[in-house]
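What follows is a short report on a single structure.
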Amino acid sequence: MRFERRNLLGLEELERGEIESILDTAESFVEISERPLKKVPVLRGMTVVNLFFEPSTRTRISFEIAEKRLSADTVNFAATTSSAVKGESLKDTARNIESMGIDMLVIRHSAPGAAAYLAGVLDCPVINAGDGAHEHPTQALLDLFTVRRRRGRIDGLNVLIVGDILHSRVARSNVFGFSKLGAAVTVCGPPTLIPPGIEDLGAKVSFDLLEALPEADVVMVLRIQRERLGDCFFPTLREYSDLFGLDEKKMELAKSDVTVMHPGPINRGVEMTPGVADGPYSVILGQVKYGLAVRMAVLYLLSGGELSSEDTY
Ligand code: CP
């Protein structure tokens, strides 16, 4: 069976079966990164451009490594050293790059809808690597994959997402993803950082971490996005940390088998202490590791590859 989507723009538009198919396909790509020779010829002859208009460590490098492990030719675009600084539009930038004969484009941009906009003006598949506060679909897919591997299931789990929900594309994509796969999702943070209407996406809301934490099977802590906090959303970082930062004392309230996640980068000592980030419940580096397999699966499926969890490549 083929994956019928031409682009990956967000999890809002995907059906449960499509999400599960990507996760199943990712299973068969995990092992490639454990081989001595970490390369397969799946995308040989194809060119993928990583068009990043916002900073990134994990997502950009993960896509580049995933593309290289699939034998694609990869090109990395950084906005600050491109003709975007001379005022070239996003559309002109992307269409000029596409005219060089590329096969796929990965984009991160600060504008919500930037990936969907390019999908409408380009012929090649477009992958959203984060568009403003809208969606970060490959992050949510790797989060789902990590939880499925760690817990054996997603159905029936209580997932608690804590922090700056208002500015978080990771939160939105994860609310869609975990809800569609049968988990109960609660978002938690100060009222100023909870977007109105989030319940309509399928999440419950809590303003009290101490009350919500004991129920959670999975706690996903989000970064305080200082670069987007133009207004005053809480009195001080210290106060935020006291109420919503995950530390060893609050962890005493959590279930004994709780799974702690963070998409990175972490503000250590603000939303999470180093002891929790590096502690026994944390799967943070596992998220990064599995991100490679998930991105390999997405690249493979959008290139026209067949769905499978059993093939070897
Ligand atoms: N999780 C995530 O998107 O990290 P980067 O911003 O470093 O890519």
Side-chain angles (χ1 to χ4, degrees), residues 8-12 22-23 26 48-69 74-80 105-115 126-147 149-150 159 161-178 187 189 218-229 246 259-268 270-272 276-278 282-299:
L8 179 67
L9 304 178
L11 295 200
E12 182 173 16
I22 297 171
L23 304 185
V48 185
V49 173
N50 302 313
L51 195 67
F52 277 63
F53 286 86
E54 277 193 326
S56 169
T57 296
R58 279 146 293 272
T59 311
R60 200 197 63 70
I61 292 178
S62 179
F63 266 112
E64 184 178 355
I65 293 176
E67 291 150 11
K68 287 184 165 153
R69 293 208 172 148
T74 71
V75 180
N76 293 309
F77 166 101
T80 48
L105 186 132
V106 178
I107 176 169
R108 169 170 288 191
H109 200 283
S110 58
V126 173
I127 300 173
N128 182 5
D131 60 332
H134 177 228
E135 283 232 33
H136 191 350
T138 58
Q139 178 67 46
L141 287 166
L142 74 86
D143 292 336
L144 290 163
F145 189 81
T146 304
V147 169
R149 279 223 151 193
R150 175 82 164 200
V159 176
I161 306 179
V162 184
D164 181 359
I165 313 296
L166 180 68
H167 299 100
S168 178
R169 52 197 174 209
V170 175
R172 279 178 57 88
S173 290
N174 269 306
V175 168
F176 291 128
F178 277 99
V187 297
V218 174
V219 184
M220 182 180 298
V221 182
L222 300 180
R223 183 172 68 92
I224 288 297
Q225 301 199 26
R226 297 187 212 195
E227 75 276 22
R228 301 191 211 270
L229 288 174
L246 204 55
T259 301
V260 172
M261 311 178 78
H262 193 304
I266 304 171
N267 295 307
R268 286 175 181 258
V270 177
E271 68 259 8
M272 182 182 271
V276 175
D278 305 324
S282 169
V283 294
I284 293 170
L285 293 180
Q287 291 171 258
V288 179
K289 171 185 161 175
Y290 289 137
L292 258 183
V294 165
R295 293 188 172 108
M296 287 167 85
V298 168
L299 289 159

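Whatever order the structure lists them in is the order used to number ligands and atoms, beginning at 1.
Within the 3.5 Å criterion, the main-chain N or O of I224 finds a donor-acceptor partner in the side chain of N267. Under the 3.5 Å distance criterion, the side-chain polar atoms of R172 are matched with a main-chain donor or acceptor of H134.
Nearest non-hydrogen protein atom to atom 1 (N) of ligand 1 is P263 O, 2.8 Å. Scanning the protein heavy atoms around atom 6 (O) of ligand 1, the nearest turns out to be R108 NH1, 2.9 Å.
Listed by chain and number, the residues in a salt bridge (Lys or Arg N to Asp or Glu O under 4.0 Å) with R268 are D278 (sequence neighbours excluded).
Set against the non-hydrogen atoms of T59, the atoms of ligand 1 under 4.0 Å away are 2 (C), 3 (O), 4 (O), 5 (P), 8 (O). Residue G264 approaches ligand 1 through these ligand atoms, each under 4.0 Å from one of its heavy atoms: 1 (N), 2 (C), 4 (O). For ligand 1, the atoms lying closer than 4.0 Å to a non-hydrogen atom of T57 are 5 (P), 7 (O), 8 (O).
By the 3.5 Å distance cut-off applied to N or O atoms, P265 is not counted among the residues near ligand 1.
Judged by the 6.0 Å distance and 45° axis criteria, R295 is positioned over the aromatic ring of F63.
Ring geometry, F77 versus F53: the interplanar angle falls from 30° to 60°, so the pair is classed tilted.
Side-chain contact of E135 with N128: a donor-acceptor pair under 3.5 Å is absent, judged by distance alone.
E54 does not count as a contact of ligand 1, since none of its heavy atoms falls under 4.0 Å from the ligand.
Proximity annotation for atom 4 (O) of ligand 1: of Q139, R58, R169, R58 comes nearest, heavy atoms only.
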